[in-house]
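First up is the structure itself, then whatever we jot down about it.
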Amino acid sequence: MDIAGILAQFEIKGAVKEVKPLGNGLINDTYRVVTEGELPDYVLQGINNAIFQDVDLLQHNIEVVTAHIRSKLEAAGSTDIDRKVLQFVKARDGKTYYRDEADRYWRVMVYIPDTVTNEAVTPESAYDCGKAFGNFEKMLVDVPEPLGETIPDFHNMELRMRQLREAVANDAAGRLDEVRDIVDELERDAAEMCKAERLHREGKLPKRICHCDTKVNNMLFDRDGQVLCVIDLDTVMPSFIFSDYGDFLRTGANFTAEDDPDLSHVGFNEAIFKAFTKGYLESASEFLTPIEVEHLPYAVALFPFMQCVRFLTDYINGDTYYKIKYPTHNLDRTRNQLALYHDVRRHDQMMADFIQGLL
Ligand code: GN1
Ligand code: MG
């Protein structure tokens with residue numbers, strides 16, 4: 001891969017000293033481009049266009065969102081704005097991405113220096129994360145133009161069930177026998193978990209601009225632990241707010257990583273749930289409708305359930321979507337998320353009571 005040739009397509013300043021891998025996303029390939037001297041470093045990303053098939057739409061969404069956030073920060077008199085919103089570097093043709101001869105897509109952002117990313121959440125940071133993601137949604141309630149779905153029906157539970165059923169019907173990797181009990185278990189709760197789509201069809205649940213990948217490692221913190229900004233904007237699209245609220249807790253409030261094969265480590269962390277929910281509602285309650293608030297505990301259960309369905313579908317299909325490190329990686333992830341789902345359900349009443357108490 002001709003990294004130097006790709007970088008030459010972008011209007012970057014300074015001589016490149018080193019290019020090294022950055023982060024641990026499961027989808028895109030990300031590198032830090034270190035430049036000589038005082039000039040800024042950059043982040044180079046190869047966009048996974050098997051997953052994000054409409055790169056033009058993807059980058060359009062991101063441009064609209066970052067410009068809107070920037071204008072909100074300016075209007076609020078915020079300082080240090082370049083560290084609070086991502087800035088994309090234009091390619092020679094004026095676009096914010098470049099397509100190489102091999103039909104791979106690339107983009108470049110300015111690297112925000114002196115930042116820290118975290119893989120784990122503490123009750124203290126969970127409160128700030130809740131505020132930050134609530135605030136992110138709040139800034140985007142009035143985006144000036146409609147955004148597209150960068151992955152159509154990304155968090156549509158009905159679609160995810162259809163994909164699972166299709167995988168089961170095909171059994172492409174011959175793995176179905178091994179996981180049939182898990183499929184049956186998921187089927188038992190599937191109708192209940194598809195409630196959001198029903199409420200939406202009945203006109204009771206709106207779609208809003210959401211981040212849709214609200215993991216703590218998709219936020220940048222400064223060296224004092226303050227949240228600076230939300231990153232990884234590929235999945236910013238219209239969705240139910242459950243996406244942001246529920247998916248954060250799926251990873252943040254699990255006592256262990258989503259792929260820990262030791263299920264005795266898996267469990268729902270009440271302290272993190274409470275702190276995150278408090279922060280989230282402090283910034284989001286002014287625009288949320290009662291039906292959205294009432295279904296927040298549903299959202300907490302929905303995301304481990306949905307992720308379990310997605311990992312299992314990929315396992316049955318023979319690992320065509322998520323990067324894996326060993327053959328049963330997706331199966332371990334599936335079992336982990338199922339265990340988390342069950343533990344969350346044991347907290348249904350606690351969650352409802354806690355949210356009621358905050359209002
Ligand atoms: C993917 O690449 P990463 O880790 O940010 C996935 C999420 C899943 C997550 C599970 C576009 O996100 O939806 O929740 O893996 N992103 C996409 O680890 O499918
Ligand atoms: Mg990420």
Decide, yes or no, whether a salt bridge links [X] with [Y] under the criterion of side-chain N to carboxylate O below 4.0 Å.
| X | Y | result |
| --- | --- | --- |
| Asp260 | Arg335 | no |
| Glu282 | Lys278 | yes |
| Arg175 | Asp177 | no |
| Glu192 | Arg345 | yes |
| Lys274 | Glu270 | yes |
| Lys207 | Glu149 | yes |
| Arg107 | Asp234 | yes |

Parallel, tilted or perpendicular: rings of [Y] and [X] (30°, 60°):
| X | Y | answer |
| --- | --- | --- |
| Phe303 | His155 | perpendicular |
| Phe276 | Phe248 | parallel |
| Tyr105 | Tyr97 | tilted |
| His329 | Tyr326 | parallel |

Does the ring of Phe240 carry Arg208 above it, NZ/CZ under 6.0 angstrom from centre and within 45° of its axis?
-> no
So among Val179, Leu176, Asp332, Ile324, which one has a side chain to side chain contact (heavy atoms under 4.5 Å, CB included) with Tyr315?
-> Val179
Nearest 0.5 angstrom please: [X] [atom1] to [Y] [atom2], how far?
| X | Y | atom1 | atom2 | result |
| --- | --- | --- | --- | --- |
| Leu302 | Leu249 | CG | CG | 12.0 Å |
| Phe268 | Leu340 | CZ | CG | 7.5 Å |
| Tyr42 | Gln87 | OH | CD | 9.0 Å |
| Asp189 | His342 | CG | NE2 | 7.0 Å |
| Ile231 | Leu220 | CD1 | CG | 4.5 Å |

Pairs touching residues 83-94 that satisfy salt bridge (Lys or Arg N to Asp or Glu O under 4.0 Å), sequence neighbours left out = Asp80-Arg83
What residue pairs, at least two apart or across chains, pass salt bridge (Lys or Arg N to Asp or Glu O under 4.0 Å) with a residue in residues 35-47?
-> Arg32-Asp41
Under 3.5 Å, is there a donor on one side chain and an acceptor on the other for [X] and [Y]?
| X | Y | value |
| --- | --- | --- |
| Tyr245 | Glu292 | no |
| Arg333 | Gln307 | no |
| Thr96 | Gln59 | yes |
| Asn48 | Asn28 | no |

Is the backbone N or O of Gln53 less than 3.5 Å from a side-chain atom of Asn49, with the two atoms forming a donor-acceptor pair by type?
-> no
CD/Glu202: more than 12 non-hydrogen atoms of other groups inside 6.0 Å | yes
